Amino acid sequence: MPVFQELQANLIIIGGGLGGCAAALSALQSGKTVILTEETEWIGGQITSQGVPPDEHPWIESFGATRNYRTFRRKIREYYLSHYPVKNSQRMSDRFNPGNAIVSSISHEPRVALRVLYDMLAPYLSSGKLRLLMEYKIKDSETENDQVLTVTVHHTITGHTLLLKGKYFLDATELGDVLPLANVEYVIGAESQIETGEAHAPEGPAEPYNMQAFTYCFAIDHIEGEDHTIEKPAQYDNWKSYQAEFWPAKQLSWWGLVPHTLEPIEYSFFYEPDRFSLWNYRRIIDKSNFEPGTFHSDITIVNWPQNDYWLGPIIDVTEEEKENHLASAKQLSLSLLYWMQTEAPRPDGGTGYPGIRLRKDVLGTEDGLAKYPYVRESRRIKAVYTVTEQDISGEIEGKNRATFFEDSVGIGCYRLDLHPSTGMNTYIDISAHPFQIPLGSLIPVKVRNLLPASKNIGTTHLTNGCYRLHPVEWNIGEAAGHLAAYCMDHSITPHEVRNNEQLLRDFQARLVKAGIELDWPGIHKV
């Protein structure tokens, strides 16, 4: 029989992504002890181990985020200004953007986000109030009468097993891995139109294995005159010839689709007039921001339509099928890199950019790919309230704002944005109103002491598309941490908080005092 080491804390958080870190921080600020586990070597999830720079709404610099998230963003900028030779002209701006990316006003290196997250958690790590367990993955859970009693985690390298006990448990994993083990009711994939009434849901039966594409991101720079061509990937010939029925060209090409119109679009690699620059899209270092000689090249993250993988899901399939899809997704990303280095058309009529260099150091891996795939869609709890397309869509005639939730625990804003999916569906990209996060979407129908803290809240396949981005995931996690702490303080359950108006208002006042915004001013849809 295996020997278990037992650890205890007030709150057990499984998953050290953005939601998990935010939940830990809010619970610790509330005076609780926390055990936080993470299956990779880096906390931070999509912003670090998955290599995805922040993707945020247009008002993020002024409002529309929690105080802790704004602190995180401020500390990112301060880190660069304190440790990098930033040009004086850039130091004059209070909105310094290290990468000057198209997608983000604070695009930066994953390692800087990692450092800042550790800095924010440092006092609690030093005091022992936070126990951080790296490279630990959930293995089992013990439940009784709709209560989680323990979770078992094991070290992914050594196999060392730990039994974790707490009063509350949070699932902040990228795939909702705690839910099936803790007997929490959940859904996956696309609900049917009959179930949800959503205009863009499938008209026939539900499609549980129809999930958004995931992506293995990687970082590159470009050194003109040098040859950094990688070894030809094993699946290169297959990916070179592959073309989905809904795609306008081969997967390995400069062509894609405009998500909201589905019109074909030809991208540029570097900057070309009148073409969308993939190089600038998710650039994390713009060398012109820094003193000459600091960087030989810009550095950019490749998280593009060309390396979205939609040929199969990695949730609730056999381990063999999951590993096959993960391996094929890695091959797709490496094949894209090799194609760019060797065969990609150039504006001068030539082919290939051999000076593209895979920056393995940026993401801290031997193969140069992110430590974890960028996962857009998770298992989702069957919640007391499930947010639907009707709540947030900007396309419904006469609807001037998102549904107002009396039980709001935060806000977010993003288009209802779905990438091509494993059901071989193309983009779904719909205008959305700035929205709230209802408390009901964080509460499982039955289980009393487990909360979602990531992309696993009560949304549908469609609305998950706008509740999955960085500031929203952070807000979800932060609210979940506060909710668990509040319930411990008052010896009540999350259901009671939502169902009792006095408790709800008291809890919301706590959130506001902590710097969490509960509603939007009058602004336009996106």
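Since we're looking at a predicted model, the values are computed, not measured.
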Using salt bridge (charged side-chain N to carboxylate O under 4.0 Å, His left out) as the criterion, list what pairs up with Glu323, not counting sequence neighbours. none

Any donor and acceptor pair, going by atom type alone, linking the side chain of Glu517 with main-chain N or O of Ile411 inside 3.5 Å? no

Would you name the heavy atoms of Gln46 and Leu18 that are closest together and state the gap between them? CG-CD1, 4.2 Å

Looking at Leu462, is its backbone amide N or carbonyl O close enough to the side chain of Thr460 to form a donor-acceptor pair, meaning the two atoms are under 3.5 Å apart? yes

His83 side chain reached by Val112 side chain, heavy atoms, under 4.5 Å: no

What verdict does the side-chain contact (heavy atoms from CB on, under 4.5 Å) test give for Glu174 and Phe214, after you've listed the backbone C-alpha separation in whole Å, the side-chain angles of each residue and the deciding distance to 0.1 Å? CA-CA 11 Å; Glu174 300 299 328; Phe214 66 90; over 6 Å; no

Is the distance from the ring center of His419 to that of Tyr427 below 6.0 Å? yes

Using 4.0 Å as the upper bound for N to carboxylate O, is an ion pair formed by Glu478 and Arg67? no

Quiz question: by atom type and distance under 3.5 Å, do the side chains of Glu38 and Tyr372 form a donor-acceptor pair? no

Side chain Gln436, main chain Leu518, donor-acceptor under 3.5 Å: yes

Rounded to the nearest 0.5 Å, how far apart are OH of Tyr216 and CG of Leu332? 12.0 Å

Step by step, work out the side-chain contact (heavy atoms from CB on, under 4.5 Å) result for His296 and Asp221. CA-CA 9 Å; His296 293 300; Asp221 61 11; 5.9 Å; no

Would you call Asp367 and Lys330 a salt bridge, using N to O less than 4.0 angstrom? yes

Could you state the interatomic distance from OG1 (Thr66) to CZ (Phe72), rounded to the nearest 0.5 Å? 11.0 Å

Using atom types as modelled and distance alone, determine if a side-chain donor or acceptor of Gln243 lies under 3.5 Å from a backbone N or O of Trp247. yes

Quick check on Lys137: does its NZ atom have over 12 non-hydrogen neighbours (other residues, nucleotides or ligands) under 6.0 Å away? no

Would a line drawn from the ring center of Tyr338 to the ring center of Trp239 be shorter than 6.0 Å? no

Could you check whether any side-chain heavy atom of Leu278 comes within less than 4.5 Å of a side-chain heavy atom of Gln306, counting everything from C-beta outward? yes

Ile43/Leu121 under side-chain contact (heavy atoms from CB on, under 4.5 Å): CA gap, chis, key distance, verdict: CA-CA 11 Å; Ile43 58 172; Leu121 295 171; 4.0 Å; yes

Could you check His325 against Thr422 for side-chain contact (heavy atoms from CB on, under 4.5 Å), going step by step and ending with a plain yes or no? CA-CA 11 Å; His325 287 310; Thr422 57; over 6 Å; no

Return yes if a side-chain donor-acceptor contact under 3.5 Å exists between Ser333 and Asn307, otherwise no. yes

Are any of the side-chain heavy atoms of Ile284 and Pro110 separated by less than 4.5 Å? yes

May I ask you to decide if Asp55's main-chain N or O and His470's side chain share a donor-acceptor pair within less than 3.5 Å? yes

Kindly indicate whether the side chain of Leu117, heavy atoms from C-beta on, has any atom under 4.5 Å from the side chain of Trp42. no

Nearest 0.5 Å, please: how far is NE2 in His57 from CH2 in Trp520? 3.5 Å

Minimum heavy-atom separation for Val387 to Ser441, with atom names? CG2-CB, 4.4 Å

Looking only at heavy atoms, which two atoms of Cys413 and Val472 are closest? And how far apart? N-CG2, 4.3 Å

Exactly one of Ile392, Val526, Leu418, Asp417 clears side chain to side chain contact (heavy atoms under 4.5 Å, CB included) with Cys466, and that residue is Ile392

Quick check on Lys371: does its NZ atom have over 12 non-hydrogen neighbours (other residues, nucleotides or ligands) under 6.0 Å away? yes

Residues Val52 and Cys217: closest non-hydrogen pair is CG2-SG, 4.0 Å

Please state whether the rings of Trp279 and Phe269 are parallel, tilted or perpendicular, taking 30° and 60° as the class boundaries. perpendicular

Do Ser378 and Asn456 have side-chain atoms, one donor and one acceptor, less than 3.5 Å apart? no

Would you say that Pro373 contacts Leu326 through its side chain, given a criterion of any heavy-atom pair below 4.5 Å between the two side chains? yes

Near Asp274 CG, under 6.0 Å, is it more than 12 heavy atoms from other residues, nucleotides or ligands? no

NZ/NE/NH1/NH2 to OD/OE distance under 4.0 Å, Glu266 and Arg275: yes

Side chains of Lys240 and Ser335: does their closest heavy-atom pair fall under 4.5 Å? no

Val302 side chain near Leu337 side chain, heavy-atom distance below 4.5 Å: no

Closest non-hydrogen atoms of Glu39 and Asp177, given as atom of the first, atom of the second and distance, are OE2-OD2, 4.1 Å

What residue pairs, at least two apart or across chains, pass side chain to side chain donor-acceptor pair (under 3.5 Å) with a residue in residues 93-112? Glu61-Ser105, Arg73-Ser105, Tyr80-Glu109, Tyr84-Glu109, Asn100-Asp286, Asn100-Asn289

Specify the closest pair of heavy atoms between Gly423 and Asn210, including all atoms of both residues, with the distance to one decimal. N-OD1, 2.9 Å

What's the spacing between Asp171 CG and Ile12 CD1 if we round to 0.5 Å? 13.5 Å

Check: Val409 main-chain N/O paired with Asn475 side-chain donor or acceptor under 3.5 Å: yes

Quick check: does any side chain N or O of Arg346 sit under 3.5 Å from a backbone N or O of Thr351, one acting as donor and the other as acceptor? yes

Ignoring hydrogens and geometry, is there a side-chain-to-backbone donor-acceptor pair from Ser241 to Asn238 under 3.5 Å? yes

Would you mind reporting whether Tyr374 and Ile301 have side-chain heavy atoms less than 4.5 Å apart? no

Once rounded to the nearest 0.5 Å, what's the spacing between atom OH of Tyr136 and atom CD1 of Ile157? 11.0 Å

With distance as the sole test, does Lys87 use its side chain to make a donor-acceptor pair with the main-chain N or O of Ser288 at under 3.5 Å? yes

Quick check for you: to the nearest 0.5 Å, what is the distance between Ser268 atom OG and Asn280 atom CG? 7.5 Å

Of Phe276, Tyr267, Trp339, the residue whose pairing with Trp254 passes ring-ring contact (aromatic ring centres under 6.0 Å, His included): Trp339

Side chain of Gln90, backbone of Phe96: donor and acceptor closer than 3.5 Å? no

